[in-house]
Each structure stands twice: as C-alpha cells, then as structure tokens.
Amino acid sequence: MKGTKMFVSVKFSPRHHRTYTYTFDGDQPLRPGDMVKVETNDGTKAVTVAAVDVKKPPFACKPIVSVMAEGEL
C-alpha cells in the first residue's frame, strides 16, 4: 500500500542553495536530511531531502525513485 503523495524539495549538493521539487508516494515518511534517488537527464542521482510537504508547484514533478538505506551511497 502506498502513502499519500507529497511534494518534497531536494538538493543535489549541500553547497548549493537551490532546491528541486519531486513527488514522493511511499509507505514511510521522509524527513529533511534523508537520502533518496531521483531520475535526471544524466541518469539516477543520490540527493538529500531539504524539506517535506512543500507546496505543489505550478509544473509537473518527477517522482522520487527510491529511499536510500543508511550507509548506501
């Protein structure tokens, strides 16, 4: 069973201030600092969750591919 779809902002690098919004529809809630995998034009990337339950943007968002296990990189 899947959870409720939420919008999540992620950062590709801790040094950058810019965030990107993705959707998440999983069983376990995400928290800022969690590591997830997202699909980009350059393939799958590991990114850090910056904020959860963000406002739905006026554009379509890609889904988060998976939540990374602790120690997985």
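All residue numbers refer to positions in the sequence shown, counting from 1.
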Asks: Mind checking what makes side chain to side chain contact (heavy atoms under 4.5 Å, CB included) contact with Val65, not counting sequence neighbours?
Replies: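 Scan of Val65 (side chain to side chain contact (heavy atoms under 4.5 Å, CB included), adjacent residues dropped) gives Lys37, Glu39.
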Asks: Kindly determine whether Val8 and Val36 satisfy side-chain contact (heavy atoms from CB on, under 4.5 Å), including the steps that lead there.
Replies: CA-CA 11 Å; Val8 177; Val36 297; over 6 Å; no
Asks: Find the distance between OH (Tyr22) and CD1 (Ile64) and round it off to the nearest 0.5 Å.
Replies: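 Here the interatomic distance stands at 9.0 Å.
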Asks: How far apart are the closest heavy atoms of Val52 and Val49, and which atoms are they?
Replies: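 Of all heavy-atom pairs spanning Val52 and Val49, the closest is CG1-CG1, 3.8 Å.
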Asks: Considering all heavy atoms of both residues, which atom of Lys5 and which atom of Asp25 are nearest to each other, and what is their separation?
Replies: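 Here Lys5 and Asp25 meet closest at N-OD1, 3.9 Å.
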Asks: Does Lys56 have any side chain to side chain contact (heavy atoms under 4.5 Å, CB included) partners at least two apart in sequence or in another chain, and if so, which?
Replies: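 Listed in chain order: Phe7.
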Asks: I'd like a table of donor-acceptor pairs (distance under 3.5 Å, sequence neighbours excluded) in which one partner is a side-chain atom from residues 12-20, with atom names and distances.
Replies:
{"residue": "Ser13", "atom": "OG", "partner": "Arg15", "partner atom": "N", "Å": "3.3"}

Asks: Where is the tightest heavy-atom contact between Lys62 and Asn41, given as atom of each residue plus distance?
Replies: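 Closest approach of Lys62 to Asn41, heavy atoms only: NZ-OD1, 3.8 Å.
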Asks: If you apply the rule side-chain contact (heavy atoms from CB on, under 4.5 Å), what do you find for Thr48 with Met35, and how did you get there?
Replies: CA-CA 5 Å; Thr48 305; Met35 295 294 293; 3.2 Å; yes
Asks: Provide the closest heavy-atom pair for Pro32 versus Ala51 in the form atom of the first, atom of the second, distance.
Replies: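 Closest heavy-atom pair between Pro32 and Ala51: CG-CA, 4.4 Å.
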Asks: How would you list, by chain and number, every residue that makes a side chain to side chain contact (heavy atoms under 4.5 Å, CB included) with Pro63, sequence neighbours excluded?
Replies: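 Counting only residues at least two positions away or on another chain, Pro63 forms a side chain to side chain contact (heavy atoms under 4.5 Å, CB included) with Thr23.
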